[in-house]
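One structure below.
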Amino acid sequence: MRQYVTVIAATDISPREAEVLELVGAHLSNAEIGARLHISVRTVESHVSSLLRKLEVPDRRALARRASEPIGVGPSHPAPVLPAPLTSFVGRVSERAELAELIKAHRQVTAVGSGGVGKTRLALAVAAEAAGEYADGVWFVDLVPVTDPDLIATAVAGALGLGEQPGRDMTESVLAALADRHALLVLDNCEHVVDGVTLFLERLLATCPRVTVLATSQARLMVPFERVYPVPPLSLSVDGESDAVALFRERAAAVGRSPDPALRDQIASICERLDGMALAIELAAARCSTLGLDGINAALSHPLRMLTGGSRADERHRSVRGALDWSHALLEPADRALLRQVSVFVAPFTAAAAAEAAGCEEGIVAEGLARLAEHSLLVVTGSPSGTKYRALETIRQYGVERLAEAGELVDARSRHVRWCLTKAAELAVVRADWRARFDAVVDDLRAALAWAADRPEQRTDAYRLARFMAELTFVRHLIGESQGRYEQAAALADDPAAGASMLRHAAAVAGCRMHGDDMHRLHRAAADAAGRSGDTAGAARDLATAAANAYRFSGKFVRKLPQEEAITLIAQARELGGDDPAAQGAVALAEAGRALTEIGVAPGMNDNAILVAIARAERAVELARRTGDPLAESAALDTLTCAQSWAGDPFAAADSARRRIMLLSSTPDTPAGTHELIEALGEVTEAGLGTGDLPGARRWARRLADHPLLAEVGHRATSWLLVADAMVGNVEEVLTGSVRFLDAWQQAGSPARSVLGPPAAAVAMIHGLRDDQDAWREWSTVLNQLDSSPGNTYGYGAVFDAMLLLHRGQAPQALERLGPEPGEVWQWVTWIWLHWYVALRAEAAVLAGSSDACDRLAEARTVVAGNPVATAIVERAQALLDNDRERLLATADAFDAAGCRYQSARTLVLVGGDHAARGAAALIDLGFAPMAPPDAPRSRLPVRS
């Protein structure tokens, strides 16, 4: 776009002054002139003052009259201005500042970037802002129409309004016109006539010392005096409003669909898929009114087809494909072929990787990659592992299309699959840099697998790659993907036995994810696959394991396995397994689980049923040990631990739990081994809590909390550590851990799981002990969301409530909370809560002045024998009953020895006198509120029922 004005023939009137004069004649203010010419008001004022002096007129009114009169002699010629933008310029604050500084410091700057990145708009914005710095103005030359490198000077002359002069070629005419001018020359789209541009610029810059050139190009000009500025894609920052999102929103609003601000993340995702390419974002935003954000997101699976616009003056701006066609046409045939070949890579790649994909010598490929990078078709990044290249997604998909058109797609994809298999095999060895190496290639592994899985001739390689991916993603703790990859490998396996193996691994990963229904489904599928392969013993193990897991991990199931279905599975497994030792061990484990479940539904303690369950569990342990399978033995020990717990023998249960941990300490980090270990760590922590081994419980709970597989599920990771720390009295650790627990639980969708009830109750108790009523109510609400079962009402919930009520001096209420006899609620107070329940109940009876306190103390002493913390609680209660201060002080030492700081401080308060002051100070140091004496008159704390 050009604006023609009458200019002064006198050599002392510059073109810019002529423009200002014309606008003064149109009666525009200085501010309006500045806005029209993209210069500052101060610069306008300077030009007006100069014109008043040069034209010798007294004031602005006279200057306006003079503007309408021809002045001097000589022809009028067009004085160009920058093309008027048809849309607003968005963002690029730092890029504009950087490029502006470069053109101040260097006489020739080339803004380089791929087609559609926004080079021209950036250059125009910078030139408009800098116009006031150049006395003779800014001149814009679009080189797109120029097809002959020898015609560069002609294009520049046309922009300057110069005609051909006899005896001079066009270059000489341009050089003469600009010889003494202080001007900025913008040469746009130089990539297709680079040779002509470089020759022209060399003469221009040597002859015209006050001229600065800002060029835009997809490729560098490759001249010594050039300063290159790589134009980056629009910013995709997730913090605050990125330039890419702002551009999308503005262009979408222009077509009548202003996106809801709440959908910013969806827009950001679209912009990220478009690599921040300005043209692509504008074209996508233009479809917002018809497709909506969800439609755009879906259509981007074929971006070159979707990213098109209406009629445009420049064919390249009608579509991303048009821009890429322009870039592609500039390449030599060999470079076009290389671009096609490397388009199979979806992540940054090295020259060596490209050579394998292209089937060429690495040195030749490296040179070709450099040329593609020079044409802005590849992004180059340096790293400690070497130089890497990456094609932006739209360019990559364009290359894939060209690959298919050339009939080279299958060969290139096949080479890429082989490269991926090699990389996956190398990752089987875990080294210090393993995670970085995996992350660098995982996107290519996924892409190669997606292609190979759909091609029958690639089935073998696809199976190998799926298996590698399942194993690698498990190590990377992407366990959801790992399960899917194991299932995919099973579907691709030609051998049913291999498929059965993959399904078993998938079931173990599902167990790690706490997806019991998937675990059951996959073991049933493994049994079918094993049966097809002729492995009846393997099928028997799978069926028996499916039944056993329904008992062992019932809390992980959404659909509870009906008892009759489990019985049928056990019968089928027994029939198929015959005398196979492993199958017999699996069946024995399932039968032990069934026996354990039958105890749970009994109306009361059934000694014979418990003995049967223990005997069957011990038989399962022995059979598993004979097979030499540590994971099978671990599973059997798990069931034995539960049976011993329900028998009221927590010390035997703790011993079995520790045996299980020792057994698993040297097992490989397979999905099944990891699943067993995580469950075992939780169980051994519970065992420590149940027997009063608080240091041991905290040690195992810390190991569980730090397990890398649980890094993204903090509510599971920290659960038992919160309970252990609460029992010890580690306030700061509980407060810190509870933040991770709550955040992770909410991010997981706030699932209602009874296994998460104890940590929530423990945190609530700590807040109650600190007298933080608001936090106590908040965590009580969380607890009620997690677990409304009798376990909360009569088991751990009663224990934590009683500890809080005793701290508040409300012994009668604590006794009421612990009112039921343990035998009445044995299912909920066995295992880790039995000793705590019995000991606290005895203490509450003493402090409340209950008439049967002596009997309860005697009974409790027998039950808790061997538990250092529970025994100390009972001994403290006895000392309080006997008013024996020395014996009471001795229990404080016992609590210290057991690592129970809270109970030690509480004991000192109960002793009274100087000891009470010391105990109160210790409680405050721990972070607790002062302890009230028994039956103190204070507000009653609501108790969960």
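For the single chain, residues carry numbers from 1 onward in sequence order.
At distances below 3.5 Å, at least one donor-acceptor pair connects side-chain atoms of T667 with backbone N or O atoms of L664. Using modelled atom types, no side-chain atom of D852 and backbone atom of D855 make a donor-acceptor pair closer than 3.5 Å. At least one donor-acceptor pair under 3.5 Å links the side chain of T685 to the backbone N or O of L681. A donor-acceptor distance shorter than 3.5 angstrom exists from the side chain of H707 to the backbone of L709, with no hydrogens or angles considered. Under the 3.5 Å distance criterion, the side-chain polar atoms of D725 are left unmatched by any main-chain donor or acceptor of V734. In this structure a side-chain-to-backbone donor-acceptor pair under 3.5 Å is missing from S554 to A550. K556 places a side-chain N or O within 3.5 Å of a backbone atom of G511 that can act as its donor or acceptor partner.
Under the 30°/60° scheme for interplanar angles, the aromatic rings of F553 and H675 are found to be tilted.
Between S656 and Q644, the side chains place a donor N or O and an acceptor N or O closer than 3.5 Å (distance only, hydrogens not considered). T627 and D629 share no side-chain donor-acceptor pair at under 3.5 Å. Neither side chain, T473 nor E481, offers a donor N or O lying under 3.5 Å from an acceptor on the other.
Under a cut-off of 6.0 angstrom, the local environment of CZ in R521 is crowded, with over 12 non-hydrogen atoms contributed by other residues, nucleotides or ligands. Atom CG of D669 has 12 or fewer heavy atoms from other residues, nucleotides or ligands within 6.0 Å. Applying the 6.0 Å contact sphere to CD of E575 captures no more than 12 heavy atoms from other residues, nucleotides or ligands. The environment of OH in Y794 is sparse: at most 12 heavy-atom neighbours from other residues, nucleotides or ligands sit within 6.0 Å.
Under the 4.0 Å criterion applied to side-chain N and carboxylate O atoms, E565 and R559 are assigned as salt-bridge partners. Using a 4.0 Å cut-off between charged side-chain N and carboxylate O, D706 and R702 make a salt bridge. The pair R625-E633 meets the salt-bridge criterion, since a charged nitrogen lies less than 4.0 angstrom from a carboxylate oxygen.
For W434 and F438, the ring centers are positioned less than 6.0 Å apart. The aromatic ring centroids of H835 and F651 lie less than 6.0 Å from each other.
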| message | I'd like to know whether R660 forms a salt bridge (charged side-chain N to carboxylate O under 4.0 Å, His left out) with E676, so could you lay out the CA-CA distance, the side-chain angles of the two residues, the decisive distance to 0.1 Å, and finally the verdict. | response | CA-CA 9 Å; R660 186 182 177 199; E676 283 292 325; 2.8 Å; yes
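The shortest heavy-atom contact between D542 and H523 is CB-O, 3.5 Å.
Annotation: the span from Q584 atom CD to R619 atom CZ amounts to 6.5 Å, rounded to 0.5 Å. Atom CG of L543 sits about 6.0 Å away from atom CD of Q572, to the nearest 0.5 Å.
Within the cation-pi definition used here (under 6.0 Å to the ring centroid, within 45° of the axis), K560 does not qualify as a partner of F557.
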